[in-house]
Every structure is written in C-alpha cells, then in structure tokens.
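Dropping a structure here in structure tokens format, bear with me for questions.
In this text, all values refer to a predicted model and were calculated from it rather than measured experimentally. Starting from 1, each residue takes its place in the sequence as its number.
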Amino acid sequence: MGKLGSALACLLFAVPFGGVGVFATWAIGSTVHEAWRARDWVRVKATVLEADLRSSSGSDGGTTYQALGSYRYDFAGKQFTGSRLGISQVGGSDNIDDWHHEVSARLADARSAGKPVTVWVNPDNPVESVLDRELRWGEILFLVPFSLAFGGVGVGALVAMVFVLKGKGEGGANEAVNRAIGARGGSAQTVDNASPRFLWVFAFFWNAMSWPIAFLAVPDIVESGEWLGLLVLLFPLVGLGLLWAAVSATWNAIVGRRRGPQAPVRAPARSSPGAFAAQAARAMFDPQGRAQVRGGFGGSDTREPDIPPAVVEIEEGAGVLTLRYSGRRNLGWAIGLFATGGIVTVIGAGMFAAGDTLLGAIAMIAIGVLLDLGAVALVVGRLAVTVRPGELSVEKAGLFGRKAWVVRRDSVRALLPVVSYTVNGLPYFSLFADTPGDRVPVGTSLKGAEIADAVARRIARALGAPPVPVVSARSLPLPQTA
C-alpha cells in the first residue's frame, strides 16, 4: 500500500500540473503556427460592422477585457464577413497588455470615421481572415511559465511515479525522487551538495517562472512609477546565479571524473569547543613533513585531499611555497552583487525623479552604491602568501589599499581557522597565522574543513622545523541554524 499510495500521490501532481502544462504548450504552439501560416496571407480592405470592448470583473478584484467586432471584405469577386481579430488560439478576455484596448479603439475609430481597415485573408481559403496577424508576445510570455514549469512538474511527477513503482522496500518514494532529480543521498539535499542534474532542473524551473514574470511586470512598473516593484528583477538575477551554479557543478563533476575517484577521508568525532586551545598542541608533524594529527585531522592514515585551483593557486618549488587567492574566484558573486546594486540604485533614482520620499530615495541609492562597491571589492581583492623555511610573507590588496606582513617562524604560535560564513550548512573558513602582535591572514574562503586543514598543513610544512601547531577546522563549533 505504501508504494501504491506514493504512486497515486505522484499521479495527483502529474494530472493537474501536466494538464495545465499541456494546455499552455498547445496554446503557444498553435498560436505560433497560426502566425506562421498567416505570413503569406494577403492584405485586403474591409468595412467595420461592429466594434466593442467588453469588460468583466474577476474574483480577485481585477478587470479583464475582450475586444469584439466584425468586418466585411470582398475577395475574388465575392463578399465575406469576419470576426477574428487576433492570431491567438486562446481567445477570451485578459489584462495581460493593452492589445484589446488598442484593437477595439482601432475598430471604433474606423467605424465612426467611415474608413476601412486592413485585414489579412487566406488566398487559398478566403473565409479565413484576421485583423491583426502579429504575435502577442506578452501573451506568449505569460504562457511560458505554465508550459515549462507546470508541464515540467507534471513530467517529473510521472517519472517519479515510474521509479516508485519500480522501487523496492520502504523509502522507495524518497529514493525515487532523488533518482529522478539526480540528488545525492537519500534525504533532503541542499543546493550546495546536490548533483549537477538537480541544479539544472531547479535552475530551469526557477528561470521558467521568473523571467517571463519580470518581462511582463517591468513595463507596467516603469509606466506607473511604482519603482519598488523593480525588485522583481532580483528573481531572474537569482536564476542566473542558479545557472552559474549548475555550470560550475557540471564542470567540477567532469574534472572529478577525469581525476578519478579519491580515497575517502575518515571523519573524526567533532571536538568540543573547550578543546580548541588543546588542539594546537596536539597537531604536530613527523620528520618527513607529513601530517600526523592525533585528534583533529582524522588520524595519520587520512589522505590529504586535493586543493582545487579554484580555491587557491599553489606553486611549490626550490623550498618556496606560494599561495594566491584571486578575486576572480568571486566573479559569480560579484556579478550578482553588482547587478543587485544596480537594480537598487535605479529604483532609488526613479523614486527621486518621481518626487517620492527623498529620504527613502537617498537610502536606496546609498544601498545600491554600497552593494556595487562591495562587488568591486570582491573582484579586486587578493591575498598572496609566500612561505619559506623560517619565514612567512603576506600581501593583502583590496579596494582601499594594500597591507603587507613579514613574519618569522618563531613568531607564529599556531595556524588558526575561523568560520567566515556558511552556505547551505557548508562552512567557509579564513586561515590566520597567530602571532603575538596580530593575526596574519594566510587563507580566505576555504570551502569546507578538509580544504582548510589541507592548506594549513601545506603552510606548516613549508615553514619547516620546529613544527607549527595547527588547529583543525573540524574542531570548531559551527554556527547553529534554526
């Protein structure tokens, strides 16, 4: 019964969502096909017989409109009457754009002035005619989310139902959904550790909904002067970020397959916050320079993970280790932040031009400028670390200047990781060399504890003997999320 119930639940999603998707797809396809057919129809003068604009109120308080009319035309010596005004196959009333008002006004003006209008007639079947053969792009964009998103949900539900029916044992429904979207594991997945397939699916649905809505909403927002409504542009902006994430995940998956499978890293028990200070004393190195950590890195048999060049560019040779953290790593975040700042600035400028609250307009402009400055700072900022036996040199450059440190080995008390931020539960670390006078940055935006620990070990080895204590990133308490 569990399997049957899950299959029926999938079917309940598939039927209504799939039905809406099929209808919207048919409406788009048939309308485009009609426009394609009408491209060879001939122009004919017609006399307007009737012209009307019918309005109706919806349950949500909005008003929809429908242009109605008829016309008479002569073709090949015969007289015909037509009432088709647009190429759309959907028909009915709507308030998507001003098309109904424009067509109704065009017919009414021609009728009152006693002038003819131009209609398009099918020469192969003169009974067929239309007043406006152009596509209503507003209507097409309005239907796209229903076609792609609703249709996609319907197809996805059917695929999940197939996997459910093929699944065995308890939890078959969860496994089916995970297999259908390509997610890893058997429970709820975060975007950060999801497979490229899941990211592509999620990005597809998000963009299918957000872009058409933004295209439809923005002209009305600008025309009405409701500038705060431009915040709707943030949704397609998030969609671009999801596409970026999908492309990155796909690229990383391709590179990972080329490198081959890595040896698994044994995860140790997480240390308590009170053991933080003692961790530095326990982290030592053997005479061959290999990490031999007893309590923070998972044991001496743990294989050190690869450090991706996207995290830090590492060069090692002739006893010198160089690590370069370039702002190009943050290009995706910077573009998104800069675009967000631009949207907020435009909103503030529009509010100012429209004479809205001056304080609110200035606040919006200031926020937008700060966001753009933050985006530029992400790109131009860089951190270069040079490690030689007995010496550590660091140069940090940013939007507002440059700072440099030269630290002797005997001044470094320990290498300390600090949680900078988390994304979907995954911590990103900064790494510091703890000295009596300052904490010198030697790592930034290190994704995950394994990478942070690996970078710390590389720096500690390059500094040489006596070994520098290294605090494991695994021992740090992570910020609690609700």
Closest non-hydrogen atom pair between G82 and S129, with its separation:
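So the two residues come closest at CA-OG, 4.1 Å.
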(Q) Do R43 and W120 have side chains that approach each other closer than 4.5 Å (heavy atoms only, starting at C-beta)? (A)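 Contact flag for R43/W120 side chains = yes.
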Here the gap from T25 atom OG1 to F146 atom CZ, rounded to the nearest 0.5 Å, amounts to 12.0 Å
Looking at E50 and R111, is any side-chain nitrogen of the basic one under 4.0 Å from a carboxylate oxygen of the acidic one?
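No, R111 and E50 are not salt-bridged.
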Candidates V44, T81, V117 - the one meeting side-chain contact (heavy atoms from CB on, under 4.5 Å) with Y73: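 Going through the options one by one, the only one that passes is V44.
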For R54, is the CZ atom crowded, meaning more than 12 foreign heavy atoms sit under 6.0 Å from it?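 No, the 6.0 Å shell around CZ holds no more than 12 heavy atoms from other groups.
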Check: Do you know the tightest heavy-atom contact between V48 and A110?
Finding: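 In this case the closest contact between V48 and A110 is CG2-CB, 4.0 Å.
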Closest heavy-atom pair, G69 versus L85, reported as atoms and distance to 0.1 Å, is N-CD1, 3.9 Å
Does R39 reach the main-chain N or O of W36 with its side chain, forming a donor-acceptor pair under 3.5 Å?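 Such a contact is found between R39 side chain and W36 backbone.
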Mind running side chain to side chain contact (heavy atoms under 4.5 Å, CB included) on L323 and V442 for me, showing each step along the way?
-> CA-CA 8 Å; L323 303 96; V442 293; over 6 Å; no
- In Å, rounded to the nearest 0.5 Å, how long is the span from CG of L243 to CZ of F204?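 Going from the CG atom of L243 to the CZ atom of F204 covers 11.0 Å.
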Of R133, R136, R84, the one forming a salt bridge (Lys or Arg N to Asp or Glu O under 4.0 Å) with E34 is R84
Heavy-atom nearest pair, P417 first then F429, reads CB-CD2, 4.1 Å
Is there a side-chain contact between K396 and P441, using heavy atoms and a 4.5 Å cut-off?
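Result yes, sub-4.5 Å side-chain heavy-atom pair found.
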Point-to-point distance, once rounded to the nearest 0.5 Å, from CD1 of I140 to CD1 of I96: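 With rounding to 0.5 Å, CD1 (I140) is 9.5 Å from CD1 (I96).
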d(L131 CG, L107 CG) to nearest 0.5 Å is 5.5 Å
**OP:** State, with a plain yes or no, whether a side-chain heavy atom of W99 is found less than 4.5 Å away from one of D132.
**Re:** yes
Check: With a 4.5 Å limit on heavy-atom distance, are the side chains of M364 and T345 in contact?
Finding: no
Looking only at heavy atoms, what is the nearest atom pair of P212 and V144, with distance?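 Smallest heavy-atom distance, with atoms named: CG-CG1, 3.8 Å.
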I'd like to know whether D97 forms a side chain to side chain contact (heavy atoms under 4.5 Å, CB included) with E102, so could you lay out the CA-CA distance, the side-chain angles of the two residues, the decisive distance to 0.1 Å, and finally the verdict. CA-CA 10 Å; D97 51 23; E102 293 173 357; over 6 Å; no
Show the numbers, then the answer: is there a side chain to side chain contact (heavy atoms under 4.5 Å, CB included) between E315 and R324?
-> CA-CA 9 Å; E315 296 179 7; R324 296 186 180 89; 3.1 Å; yes
Donor-acceptor pair, distance only, cut-off 3.5 Å: does the side chain of S104 make one with the backbone of H100? no
Requested in this report: Would you indicate whether the side-chain heavy atoms of V346 and L233 approach each other to under 4.5 Å?
Outcome: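 No; the side chains remain at least 4.5 Å from each other.
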*asked:* Within this structure, what is the OG1-NZ distance for the pair T47 and K115, rounded to the nearest 0.5 Å?
replied: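 Answer rounded to 0.5 Å: 14.0 Å.
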Check this for me: W26, atom CH2, are more than 12 non-hydrogen atoms of other residues, nucleotides or ligands nearer than 6.0 Å?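 Yes, CH2 of W26 has more than 12 neighbouring heavy atoms, counting only those of other groups under 6.0 Å.
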Any side-chain heavy atom of T63 sitting closer than 4.5 Å to one from N95?
->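 T63 does not reach N95 side chain to side chain.
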Under the side chain to side chain contact (heavy atoms under 4.5 Å, CB included) criterion, do V42 and F75 qualify, and how do the steps go? CA-CA 10 Å; V42 296; F75 189 85; 3.5 Å; yes
CZ (F338) and CD1 (I343) are apart, to the nearest 0.5 Å, by 11.5 Å
**Request:** Take atom CZ of F142 as the centre, draw a 6.0 Å sphere, and report whether it contains more than 12 heavy atoms from other residues, nucleotides or ligands.
**Result:**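 Open: at most 12 neighbouring heavy atoms sit under 6.0 Å from CZ of F142.
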Closest non-hydrogen contact found for W41 with V130 is CZ3-CG1, 3.9 Å
message: Treating S55 as the side-chain partner and Y65 as the backbone partner, does any N or O pair qualify as donor plus acceptor under 3.5 Å?
response: no
Under 3.5 Å, side chain of D453 to main-chain N/O of S472, donor-acceptor pair present? no
Could you tell me whether the side chain of S147 and the main chain of L143 form a donor-acceptor pair under 3.5 Å?
no
Would you check if the side chain of S30 reaches a backbone N or O of A27 as a donor-acceptor pair within less than 3.5 Å?
-> yes
